[in-house]
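Working notes, beginning with the structure itself.
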There are 2 protein chains.
Amino acid sequence: MNKSDRSVTIKDIAREAGVSISTVSFAFNGTAPVAQETKDRIFEVIKRLNYQPNSAARGLVTRKTNNICLFTPHPASDFFSFGGNSVFSHLLQGIGEVLDQKDYNLLISWDNIGHKAKTPKLIKLMRERAMDGVLICLPNQDSSVIEELSEHHFPVVIIGSNGLKNQVNSVDVDNYDIAFRNAQHMLQLGHTRIAFISPGPLEFLVCEDRLEGYRDALEEAGIRFREEYVFIGDEKERSGYNAAAAFMALKEPPTAIVSGRDVQGVGVIEYGREHGVSIPGDVALISFENSELAEKYGITSVTTDLYEIGKEGAKLLHKLLTRKKDRGAQNIVIPSELIIRASCGTKPTT
Amino acid sequence: MNKSDRSVTIKDIAREAGVSISTVSFAFNGTAPVAQETKDRIFEVIKRLNYQPNSAARGLVTRKTNNICLFTPHPASDFFSFGGNSVFSHLLQGIGEVLDQKDYNLLISWDNIGHKAKTPKLIKLMRERAMDGVLICLPNQDSSVIEELSEHHFPVVIIGSNGLKNQVNSVDVDNYDIAFRNAQHMLQLGHTRIAFISPGPLEFLVCEDRLEGYRDALEEAGIRFREEYVFIGDEKERSGYNAAAAFMALKEPPTAIVSGRDVQGVGVIEYGREHGVSIPGDVALISFENSELAEKYGITSVTTDLYEIGKEGAKLLHKLLTRKKDRGAQNIVIPSELIIRASCGTKPTT
DNA sequence: TATGCCATAAAAAACGTTTTTATTAAATTT
DNA sequence: AAATTTAATAAAAACGTTTTTTATGGCATA
C-alpha cells in the first residue's frame with residue numbers, strides 16, 4: 001500500500017532525519033549518546049516510516065540470530081505419548097514461556113528417536129549459524145551429536161539424562177533418587193519382595209540410574225537383589241503387562257512393583273484386572289511420571305514436571321548465551337514429589 | 001579443536017583453492033559454469049575445511065531465511081485439547097514433514113486464543129524479515145493480523161476458516177458441507193427433530209458455516225428451523241452437557257443432536273448417563289472431529305484430519321514461496337469422512 | 001589482420017546493519 | 001591562553017555472502 005514495496009532501511013531514516021546512519025543506529029539501540037533533540041527527530045522518522053531493522057543484516061555483524069532450536073523425539077512418539085496423550089505441549093509451554101520473555105524465537109526439529117536420522121540437519125543449522133543455541137532431548141544412548149556440538153563450543157542444554165553429564169549443561173529430575181525413594185517407600189510399607197520395571201534398555205542412562213536407585217535402596221535395607229525381579233520393558237503399556245505376567249509366574253512373586261513409567265503401571269493394572277490380581281491387595285504399585293494416567297488409574301507416582309524442566313532448560317540456555325565467562329557445565333535438578341494414591345496400599349500382603 | 005575458533009568463510013576457500021570468491025560461490029551453488037578442474041579443486045578444499053555458508057550473510061543478499069513460522073493457539077489450549085489430550089502434535093507432524101523435506105526450518109509461536117496478545121511479535125518477525133512465510137491458525141474472529149500481513153504481501157496460509165476467505169490462501173475441511181451431511185444423515189435415519197450444538201460463538205466462521213450447513217439441510221428436507229434447537233456452546237465438555245440439559249428440558253425435545261465437537265458429544269453422553277437418557281436410544285448423536293474421544297465413546301463423527309491439513313498447508317506455503325507469479329488466493333479443502341459408530345443409532349425414536 | 005565471440009574467471013557492487021575510527025566544536029583543565 | 005578532555009556526530013570498515021560487471025585469452029570468423 002505504501003509508495004514502494006521495498007522495505008525501509010536505516011539509510012532512509014538517516015536521510016529523512018538528516019543524520020548519518022551510525023547516529024540512527026546509536027539512537028535506536030541506545031549504544032552511544034545522542035543529543036535529545038536529534039534522538040527525538042530520529043524516533044519521529046522511525047515511527048512515521050515504520051522502520052524495523054533487518055534481522056539478517058543485524059545478525060551478520062552481531063553474530064546472533066535470536067533463534068534457539070529445540071531438538072526432540074517426534075512430538076507424537078511414544079516418548080511423549082501415552083494412551084493417545086502427548087505431554088510434548090507441557091515441555092513446549094515451559095520452554096516457550098521463558099524464551100518468549102527473553103525475546104528468543106523457538107525453532108523445532110525432531111528426530112526419529114534412536115535412529116539419528118535428522119542429526120545432520122541439526123549440525124548443519126548450527127554450522128551455518130542459523131541459531132544461537134540448542135535444547136536437546138535425546139533419550140537414547142547416542143551422544144555423538146552432543147559431543148560434536150559441544151566440541152565446537154556450541155551452546156547446548158540437555159533435557160534429560162545423558163552419559164556426558166558434568167561435561168555438558170543439563171536439566172533433569174534425579175532419576176536415581178526417585179527410584180531410591182520409590183523403593184524405600186515400598187520398604188517402609190513393609191515389603192521385601194520388590195520388583196522393578198525398567199522403562200527401556202539399560203543403555204539409556206535414565207534406566208540405568210533408576211535401576212541403580214532401586215538396587216541401592218534394597219541394599220541399604222539389607223535385602224537381596226534378585227535378577228528375576230527386574231524386567232526390562234519399553235515405553236509402551238504392553239511392556240508393563242508383560243512384566244506383571246513375568247513376575248506373577250515366579251514361584252515367589254513380588255508383593256510390590258516399582259514401575260518405570262505410568263503407562264507401564266497401567267499395563268500392570270490391566271494384567272491384574274484380567275488375571276484377578278488385586279492392586280494394591282496382592283501387589284502394591286508405585287511409578288514414575290505422574291501423568292494424567294496416574295491420576296486416572298489411581299497410581300502412586302512421582303512427578304516429572306516437564307513444564308518446569310522446559311522452563312529451567314530455557315533459562316539455563318539463555319544464561320549460556322548471555323554470560324561471557326564459561327563457568328563449567330551446570331546440571332540442574334528439578335525436584336520431584338511423591339503423589340500417594342491407592343495403588344501402593346498401606347500394608348503389604350504377606 | 002581446530003587451529004582457530006573463527007569459522008571458515010568463503011574467503012578461506014577462495015584463498016586455499018587459488019580462485020576468487022565469486023568462483024567459489026558459482027561452483028558451490030552451481031549458479032555459473034566453472035571448469036571441471038577448478039570445481040574439483042574447490043570442492044576438495046570445501047570438504048577439507050568443512051565449509052558451511054553463513055546463513056545470515058546469505059540471507060542478507062538472497063532475502064530468504066528458510067524459516068517459516070507456525071502461529072497457533074497455545075498447544076495446551078482447549079482448542080487443541082480434549083480430555084487432557086492434545087492434537088497439536090498431529091498438526092505439527094504434517095507441517096514438519098513437508099517443511100523438512102523442502103529444507104525449511106519450523107519456528108513456532110503461539111497466541112492466547114482470542115486475546116491477540118502476541119500478535120505484535122508475529123508482525124515484528126515478519127517485518128524484520130526473520131521468516132519467509134507464516135502458517136496461521138487463529139480460530140477466532142479477529143482477522144486484523146492476517147489483513148496486516150497480506151497487505152504487506154507477506155506469504156500467509158491460513159489453517160482453518162477465516163472471514164477473508166478467497167482473499168487469502170487457506171486450508172481447511174469444508175465445515176458447511178460436513179454439517180450439511182451430518183444433519184442429512186440424521187434426516188435419512190428418519191429424524192425430524194434435530195438439534196445443533198455450536199462449538200463456539202457464531203462470530204467464528206467455523207461455527208457460522210456449520211450452523212448454516214445444518215440449517216440448509218433441514219430446509220432442503222422441508223423441516224422447520226427451530227431457534228430452541230440451537231445451543232451456542234464453547235470448546236469445553238461442559239457446554240455439551242449444558243446443551244443436552246437445555247434440549248431435554250424442552251417440551252418437545254429433539255431426537256437427534258448434531259454436536260459441534262467430539263468433546264461436546266462426550267458432554268451429551270455424560271448428561272445422558274446421569275439423567276437416564278439413552279444414546280442413541282432416546283437421542284441420536286453425531287459429531288465433528290473424530291478424535292480419540294469419538295473412538296472411545298463410540299460417537300459417530302466426521303474426520304478432521306489435522307495431519308493432512310498441516311501437510312497441505314505447508315505445501316501451499318512452499319508453493320507461494322517458490323512461485324514467481326501471483327495467482328490469486330487458493331482455498332484448499334481437505335476431504336472428510338463420516339465414521340459411523342454406535343451413537344447415531346439406525347432408527348429414530350418417535 | 002582486425003573483429004567479434006566464447007569460456008572462464010576475477011573484480012566490484014550490493015545486501016543492511018553494527019562497530020570502530022575520525023572529526024569538530026565546545027567545555028574544561030592547566 | 002594553550003592544551004586537553006568531552007560530547008556529538010560523521011565517515012569508514014566490517015560482517016560473509018550473492019550477483020552483476022569487467023577482464024582475459026584463445027579461437028573462429030570476416
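Quick note on labels: first sequence line is chain A, next is B, and so on, each numbered from 1.
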Between the CG atom in B:Asn105 and the NZ atom in A:Lys124, the distance rounded to the nearest 0.5 Å is 7.5 Å
Measure the distance from [atom1] on [X] to [atom2] on [N] and round it to the nearest whole Å.
X	N	atom1	atom2	answer
A:Phe28	C:dT18	CZ	P	8 Å
B:Asn66	D:dT18	CG	P	13 Å
B:Gln36	C:dT8	CD	P	10 Å
A:Ile21	D:dT9	CD1	P	16 Å

Could you check which of [options] has an atom nearest any side-chain atom of [X]?
X	options	result
B:Val61	C:dT19, D:dT20, D:dG16	D:dG16
B:Ser22	C:dA9, D:dT19, D:dT17	D:dT19
B:Arg58	D:dT9, C:dA10, D:dT17	D:dT17
B:Ile10	C:dA10, D:dT18, D:dT9	D:dT18
A:Phe26	C:dT20, C:dT8, D:dG16	C:dT20
A:Thr23	D:dT17, C:dT17, D:dA10	D:dA10
A:Pro53	C:dT17, C:dA11, C:dT8	C:dT17
B:Ala35	D:dG16, C:dA9, C:dA10	C:dA9

Are [X] and [N] close enough that a side-chain N or O sits under 4.0 Å from OP1 or OP2?
X	N	result
A:Asn54	C:dC15	no
A:Thr62	C:dT18	no
A:Ser25	C:dT19	no
A:Arg63	C:dT18	no

Between B:Leu60 and B:Lys39, name the one whose nearest nucleotide on DNA chain C is closer to the 5' end.
-> B:Lys39
Would you find a donor on one side and an acceptor on the other, under 3.5 Å apart, between the side chain of A:Asp100 and the backbone of A:Glu97?
-> no
Test: A:Arg41 and A:Glu44 ion pair at under 4.0 Å = no
Output yes when B:Glu16 and B:Arg48 qualify as a salt bridge under the 4.0 Å nitrogen-oxygen rule, no when they do not.
-> yes
Nearest non-hydrogen partners of B:Leu321 and B:Pro155, listed with the distance | CD2-CG, 3.6 Å
